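What you are looking at is a predicted structure, and each value in this text was computed from that prediction instead of being measured. Numbering starts at 1 and runs along the sequence shown.
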Amino acid sequence: MKATMKDVAKLAGVGLGSVSRVINNVPVKESTAAKVKAAIKELNYEADIYARGLKTNKTYTVALILPTIWHPFFAEFAYYVETELEERNYKLLLCNSDGRPEKEYEYIQMVRQNKVDGIIGITYSDIDQYISSSLPFVSIDRYFTEDVIYVTTDNVEGGRLAARELFKRGAKHVAFVGGHQETPNETKNRRKCFQLEAERLGLECEVLDLLEPIEDLQSDIEKFLLEYPTIDGIFTITDLAALDAIHVINKLGKKVPEDIQVIGFDGLKMTKEAQYVVSTIAQPVEDMARTAVSLLLNVVEGKEAPSRTVLPAAFKEGATTKKLENREE
């Protein structure tokens with residue numbers, strides 16, 4: 001027979017209220033928590049989330065909207081969101097929207113129908129009309145017409161960092177390569193601030209900034225590099241775009257980083273222990289996920305939360321930029 005909360009309370013020698021507080025991560029005495037956890041383990045007790053939800057009018061489920069799960073950054077972000085939710089006794093419902101606003105709208109409706117408690121969204125679709133400040137929604141990078149909470153990496157400093165790192169490594173003629181969406185979002189600051197910083201440093205700077213979706217980025221990069229053959233440093237909107245640029249550079253008979261240095265943006269690795277795929281402006285993915293979850297659950301619980309949270313970016317050296325002599329780590 002399945003163990004109940006009463007069984008746990010009886011074995012632990014505490015009241016039902018104490019068991020409930022431990023299960024819901026409410027602070028109790030360490031000795032009480034230890035007794036309850038030991039009883040839970042011995043009885044193999046599993047909390048009935050559905051029943052708990054009926055009592056609290058919560059589903060203990062959060063939806064995560066991603067444009068695609070094929071992008072390594074989005075996949076890593078989803079991993080950390082789920083990890084943080086699990087620590088808080090919440091479940092994750094994943095929406096791979098493929099950039100389709102109708103799919104994203106369905107998930108927004110699930111909040112209004114009390115099927116999920118809230119949404120964390122990475123979205124570039126035209127859904128502004130469906131988003132309101134009263135909706136438990138935390139956005140990543142993108143801001144909306146209404147005052148919706150969002151979390152972002154410092155894209156302004158990220159763009160500046162990329163320009164400074166190429167400058168320190170001897171680049172003279174640099175370029176930004178990437179794409180943008182029509183929707184307002186913080187990632188556009190990568191190009192803008194890279195270009196401004198490059199010009200401030202006296203670097204010649206070119207820009208290839210395409211409207212997404214981009215059909216064949218490699219072909220566009222090839223035409224661009226043939227038009228500007230003296231480019232010796234490239235900053236790309238993402239690490240995946242950096243890999244496209246490297247492919248083209250090799251195709252044109254040039255070497256990375258000897259002839260052209262490349263810096264991406266995101267901080268992608270094949271595994272946790274591996275080196276960075278390219279030299280990159282790394283986003284604090286785990287901190288972004290934890291912060292987004294914390295902010296969303298504050299909203300769900302009726303607590304105050306800041307409307308904008310900016311987390312620091314950092315340059316991480318890979319094999320696609322030249323080594324600096326006597327560099328202090």
Do the non-hydrogen side-chain atoms of [X] and [Y] ever get within less than 4.5 Å of each other?
X      : Y      : result
Met110 : Leu93  : yes
Leu295 : Pro306 : yes
Thr321 : Glu165 : no
Glu87  : Thr83  : yes
Val62  : Val300 : no
Pro312 : Asp154 : no
Val22  : Val8   : no

Write down the atom of [X], the atom of [Y], and the distance for their closest heavy-atom approach.
X      : Y      : result
Arg142 : Thr183 : NH2-CG2, 3.6 Å
Ile140 : Ala292 : CD1-CB, 4.0 Å
Arg190 : Asp141 : NH2-OD2, 4.4 Å
Tyr276 : Gly267 : CE2-O, 3.6 Å

Residues 27-38 side chain polar contacts: donor-acceptor under 3.5 Å, at least two apart:
none

A quick test of your reading: do over 12 heavy atoms of other residues, nucleotides or ligands sit less than 6.0 Å from [atom1] of [X]?
X      : atom1 : value
Lys188 : NZ    : yes
Lys103 : NZ    : yes
Glu86  : CD    : no
Glu199 : CD    : yes

Query - Arg88/Ser294 under side-chain contact (heavy atoms from CB on, under 4.5 Å): CA gap, chis, key distance, verdict - result: CA-CA 10 Å; Arg88 295 168 178 257; Ser294 179; 3.8 Å; yes
How long is the span from the [atom1] atom in [X] to the [atom2] atom in [Y], to the nearest 0.5 Å?
X      : Y      : atom1 : atom2 : value
Phe235 : Phe194 : CZ    : CZ    : 7.0 Å
Ile246 : Ile221 : CD1   : CD1   : 10.0 Å
Asp98  : Thr68  : CG    : OG1   : 6.5 Å
Cys95  : Leu66  : SG    : CG    : 8.0 Å
Asp266 : His71  : CG    : NE2   : 5.0 Å
Ile40  : Met5   : CD1   : CE    : 8.5 Å

Report summary line: Across all chains, not counting sequence neighbours, the salt bridge (charged side-chain N to carboxylate O under 4.0 Å, His left out) partners of Lys323 are Glu317
Requested in this report: Tell me, please, which residues at least two apart from Lys303 pass salt bridge (charged side-chain N to carboxylate O under 4.0 Å, His left out).
Outcome: Glu301
**Report entry** Side-chain (Thr61) to main-chain (Thr59) donor-acceptor, under 3.5 angstrom
**Finding:** yes
Query raised in the report: Is there a donor-acceptor pair under 3.5 Å between the side chain of Thr291 and the backbone N or O of Asp287?
Result: yes
Report task. Kindly assign one of parallel, tilted or perpendicular to the pair Phe77 and Phe73, based on the angle between their ring planes and the thresholds 30° and 60°. Result -> parallel
For residues 252-264, which side-chain N or O atoms pair as donor and acceptor with protein atoms under 3.5 Å away, sequence neighbours left out?
unit_1, atom_1, unit_2, atom_2, d
Lys254, NZ, Pro229, O, 2.9
Asp259, OD2, Lys255, N, 2.7
Gln261, OE1, Lys322, N, 2.8
Gln261, NE2, Arg169, O, 3.1

Query raised in the report: Can Leu296 and Tyr90 be said to form a side-chain contact (heavy atoms from CB on, under 4.5 Å), step by step?
Result: CA-CA 12 Å; Leu296 181 65; Tyr90 271 74; over 6 Å; no
Query raised in the report: Does Phe224 have any ring pair (Phe, Tyr, Trp, His ring centres under 6.0 Å) partners at least two apart in sequence or in another chain, and if so, which?
Result: Tyr228
Query raised in the report: Does Arg100 pair with Glu106 as a salt bridge, N-O distance under 4.0 Å?
Result: no
What side-chain donor-acceptor pairs closer than 3.5 Å can you find for residues 207-215, not counting sequence neighbours?
unit_1, atom_1, unit_2, atom_2, d
Asp209, OD1, His180, ND1, 3.1
Asp209, OD2, Arg191, NE, 3.1
Glu212, OE1, Gln181, NE2, 2.7

